[in-house]
Amino acid sequence: MDPEADAARLRAAAAAGKPGAYRAYAELLTGRGRLDEALPWWARAADAGDAEASRTLAICHKDRGEFAEAERWYRTAADRDGGCAFGLARLLQEAGDTAGAERWYEHGAVLGSVECKTNGAVLLAARGEWDTALARLAEASAEGDDVAAHSRRAIQSMLRDLDGWRAALALAEAEGDPEEAYEALRELLDPERRAMFERYPRMVAEAEALYARAAAVGGAKALVDQALFIARDDSRWAEARALVERAHERGYDGAAYVLGVWAEENGELRTAEEWYRTADAADGGHMWACFNLGVLCVRQRRLGEAERWLRAAGGDGVEENSDEGFEERFDEGEERIAAALRDIAAIRADPERMPPAEWEERLPGLRARAEEGGPDAWFAYADALDRLYRLPEAAEWYRKAGTPRALLALGRMLYEGGGAKGLRMVPYYEPAAAEGDAGAAYDIGRIYDEARDRRTAQIWFRRAADLGHGRAAWWLGWTSEERGGDPQHAERWYVRAARRGLVPPAFLAGRSMVRRGACAEAEPLLRMACEGEHAEAPYWLAEALRGLGREEEAERWLRVAASAYPDLLHQYGDMARLALRDPS
């Protein structure tokens, strides 16, 4: 049958309200990538009581970052359909509503959803209700759910390990041996167990309790590891730091290094340097404290000091200008030291990466005005210090200014160039974002994206894009196309990104338009991409021109593509062969 005739027949049936036609036509449009046109028909099917249509609508809106609309559609059928109950529970769980997620997993399990039964059981295990969780996973496994079977085996293995750690620790406690107590728990720190702690937060509390017992035997090292588990909870940050400080007071040299790392990650640059120096001053020194000090000095353009610290870390004899044979000659630490030494050489060779002399000359005047002025003068002085890589001093003056602009500059200085990490940097960006700063909103999205919180990242990228940020719009388009399979939604975001002058999304939008036959719309975008020297743009511009009937012009662009990107062009079909043929 002719596909277009089939589509017309289905549309007519859907328009007439025939049973099943809403969904059939919606499926056809969705399969053709025409989701915008499909959504109203999915909605009609859902309104007619089709639970799978409700679920499809919810998934589409969720992929578009329209979470409230996704929740609304899930709720239209979640009380009677296990798939919608599962989707709603997942949505609530991702939003941090664990109690709501548990209720809907429970309801979905009653409706017969084995996925709900499995995920609900995993949530129970996450808070330590092991017996109930295992029983429900056994039921789900018996119903054929491989995920349930795997989760059940993993939990059983984890509980056996937990019993083993408890028993080994009890022996060390009985003997009063702090080293044995610490050794009994060493496997808890295996990097391969990281996923276990993320999936089952109750295990974090179990590990914390075990290390507290080990510390009570007298081991200062155990205090640090107890603190590492406590520090997973931001609300207990001060408690974690106090434990590591206590370990330092009790003579554990490694505690100073941990305090240095934490201070650096929090943007406390002076404090970080003090703790790294303390760690290195301990008997035998500390290689990684020296390395981190070296990197810290590089960031502040204290290059002579940086070299000394890096060589003290083990960089003596390392050739910073050559990377030949690293795999054979150095371990990972030596490779990182060598890379840092090469970076120092590159900085010295590039005036653009050194403190600008003109700002050094302006500094005394800016300092005088800062001492007499207010927030604007403080910001100006902080900005000059920032440009001169005097980061600790700049941080003090940015904080003193305290304006949204100053806090944003401080956040960027610390996060992008000062070694700070993680979600603790977000508050520096929020005041500027609240005032409508698109770049600040984008930066918050980037921080959440790097923290693997896609939902929150998507919310912030949407805010940034709505404020006119091109890269945020590009990210939303890519996410919609690559993760959600929604080319129409993606194309709209690519167009918005292209309007901000970005070449890659201009190409992506133009290519999408050519694929759906909108060649006139595609032409200016693809010309912009060609001017930006995008590798594939000439071919797709030729396709657009061919679609507009301008064959001679199309062939000229094909020859541009063949000349500039012959290897790339080989991946295309008949038009590529036309371009690659001998013109003689």
Once the angle between the rings of Tyr182 and Tyr211 is folded into 0 to 90°, is it parallel (under 30°), tilted (30 to 60°) or perpendicular (over 60°)? tilted
For residues Gly33 and Pro487, report the shortest heavy-atom separation together with the two atoms involved. O-CG, 3.6 Å
Checking side-chain hydrogen bond (donor to acceptor under 3.5 Å, both in side chains) against Trp42, which of Thr56, Asp50, Thr30 comes through? Thr30
For the residue pair Ala220 and Tyr252, what are the closest heavy atoms and their distance? CB-CB, 3.8 Å
Nearest-0.5 Å distance, CG of residue Asp225 to CG of residue Leu189: 4.5 Å
State yes or no: are the ring centers of Phe461 and Tyr448 separated by less than 6.0 Å? no
By side chain to side chain contact (heavy atoms under 4.5 Å, CB included), Ser480 pairs with (sequence neighbours left out) Asp486, His489, Ala490
Hey, would you say the Trp262 and Trp237 ring centroids sit under 6.0 Å apart? yes
In short, Leu39 meets Cys60 closest at the heavy-atom pair CD2-CB, 4.0 Å
Aromatic Phe67 / basic Arg455 pairing, under 6.0 angstrom, 45° off normal: yes
Find out whether Asp466 and Arg496 are in side-chain contact, i.e. whether some heavy atom of one side chain is under 4.5 Å from a heavy atom of the other. yes
Check the pair Leu134 / Leu159 against side chain to side chain contact (heavy atoms under 4.5 Å, CB included), numbers first and verdict last. CA-CA 11 Å; Leu134 287 170; Leu159 293 177; 4.1 Å; yes
